[in-house]
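Along the sequence shown, the residues carry numbers beginning at 1. Note that this is a predicted model, so its numbers are computed, not measured.
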Amino acid sequence: MKAIIFLGIILYGLKAKKEKKFWLVCIAFYITMVLTSKDQADFINYEKYYNLLNSGIVEIQYMGMPVLWGKLCLLFGKINLTYVGMSVIVIVISMYLIHFRIKKMKIYENLFWIFYLIFPGLVQCVQLRFFLGTSIVFWGLIPFLEKKSKSTITFCISIIIAYFVHSSCLIFMIFLFLPVFDKCK
């Protein structure tokens, strides 16, 4: 059933050429995927961490969790959300950060989201920490690639923030070497 919905969303995105809110349809799909796929490993482990942290049984860096992710878990716990509620908010924030940058580019946004849904979108539904981290990096990366004023600083800050959500986001520092390759042309 999920596969049929997935294909329907992709076809809708292709058909709706002037649809400016297709990214909201994608958010709804992602949320549905998370809410109906709670038995996957990352969800179970993150929910366990969330519950243990908010009950005071473990410290923020239990299971090697980064500080910002732990602080977010505590924040959402203080406002009495479950891990599912936090997941929904993380998806909305992550997709908004991507949408915010994409809408300013001269591309067909629906096509971007269609390809994003295919990959890496479905993987990102499972890896919410990495999804939030890469969305933060993406938010800083686009101005850097467009060579906007002070974009190097913005990009570096976005990588640092993303690192405190998911440490693997440090790999995106490789983009800082792009100007070196530009000079080699």
Could you give the distance from [atom1] ([X]) to [atom2] ([Y]), rounded to the nearest 0.5 Å?
| X | Y | atom1 | atom2 | value |
| --- | --- | --- | --- | --- |
| I160 | I136 | CD1 | CD1 | 12.0 Å |
| C73 | L52 | SG | CG | 11.0 Å |
| I102 | M105 | CD1 | CE | 5.0 Å |
| K78 | N54 | NZ | CG | 7.5 Å |
| S87 | I31 | OG | CD1 | 10.0 Å |

Determine whether [X] and [Y] make a side-chain contact, defined as any pair of heavy atoms from C-beta on separated by less than 4.5 Å.
| X | Y | answer |
| --- | --- | --- |
| V92 | I89 | no |
| S167 | Y163 | yes |
| F155 | L145 | no |
| F130 | S168 | yes |
| R101 | L97 | no |

Ring center gap for [X] and [Y] short of 6.0 angstrom:
| X | Y | result |
| --- | --- | --- |
| F175 | F144 | no |
| F76 | Y50 | no |
| Y116 | F112 | yes |

For the residue pair Y49 and Y62, categorise the inter-ring angle as parallel (less than 30°), tilted (30 to 60°) or perpendicular (more than 60°).
parallel

Parallel, tilted or perpendicular: rings of F100 and Y96 (30°, 60°)
tilted

Are the side chain of [X] and the backbone of [Y] linked by a donor-acceptor contact shorter than 3.5 Å?
| X | Y | result |
| --- | --- | --- |
| T36 | T32 | yes |
| N110 | L14 | no |
| S94 | I91 | no |

Report, as yes or no, whether the 6.0 Å neighbourhood of atom [atom1] on [X] holds more than 12 heavy atoms from other residues, nucleotides or ligands.
| X | atom1 | value |
| --- | --- | --- |
| M63 | CE | yes |
| I153 | CD1 | no |
| K103 | NZ | yes |
| Y108 | OH | yes |

Closest heavy-atom pair and its distance - [X], [Y]:
| X | Y | result |
| --- | --- | --- |
| V137 | A162 | CG2-CB, 3.5 Å |
| V165 | G133 | CG1-N, 4.0 Å |
| P66 | F164 | CB-O, 3.0 Å |
| W69 | L132 | CZ3-CD2, 4.2 Å |
| L53 | G70 | CD2-O, 3.4 Å |
| I60 | M65 | O-CB, 3.6 Å |

Going by ring pair (Phe, Tyr, Trp, His ring centres under 6.0 Å), name the residues that satisfy it together with F172, two or more places apart in sequence or in a different chain.
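Here no residue qualifies.
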
Under the salt bridge (Lys or Arg N to Asp or Glu O under 4.0 Å) rule, what pairs show up with a residue in residues 126-153, not counting sequence neighbours?
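For residues 126-153: E146-K148, K147-D182.
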
Tell me, with the steps shown, if I9 and I114 meet side chain to side chain contact (heavy atoms under 4.5 Å, CB included).
CA-CA 8 Å; I9 289 170; I114 288 166; over 6 Å; no

Of Y30, F29, Y12, the residue whose pairing with F6 passes ring pair (Phe, Tyr, Trp, His ring centres under 6.0 Å):
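Single ring pair (Phe, Tyr, Trp, His ring centres under 6.0 Å) partner of F6 among Y30, F29, Y12: F29.
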
Mind checking whether [X] and [Y] sit in one hydrophobic cluster, side chains of I, L, V, M, F, W, Y counted as touching below 4.5 Å?
| X | Y | result |
| --- | --- | --- |
| M86 | L75 | no |
| L35 | Y46 | yes |
| V84 | I79 | yes |
| V67 | I57 | yes |
| L141 | I107 | yes |

The residue among I10, V25, I118, I98 that forms side-chain contact (heavy atoms from CB on, under 4.5 Å) with W113 is I98

Pair C26-M95, side chain to side chain contact (heavy atoms under 4.5 Å, CB included): steps then yes or no
CA-CA 9 Å; C26 295; M95 291 187 72; 3.5 Å; yes

Using only heavy-atom distances, determine whether the side chains of H99 and E109 contain a donor-acceptor pair under 3.5 Å.
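Yes, because at least one side-chain N or O of H99 sits under 3.5 Å from a partner of the opposite role on E109.
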
Give the intermediate values and the outcome of side chain to side chain contact (heavy atoms under 4.5 Å, CB included) for residues L176 and C156.
CA-CA 8 Å; L176 291 172; C156 289; 3.9 Å; yes

Apply side chain to side chain contact (heavy atoms under 4.5 Å, CB included) to residues D42 and L128 and explain how you reach the verdict.
CA-CA 8 Å; D42 279 356; L128 284 178; over 6 Å; no

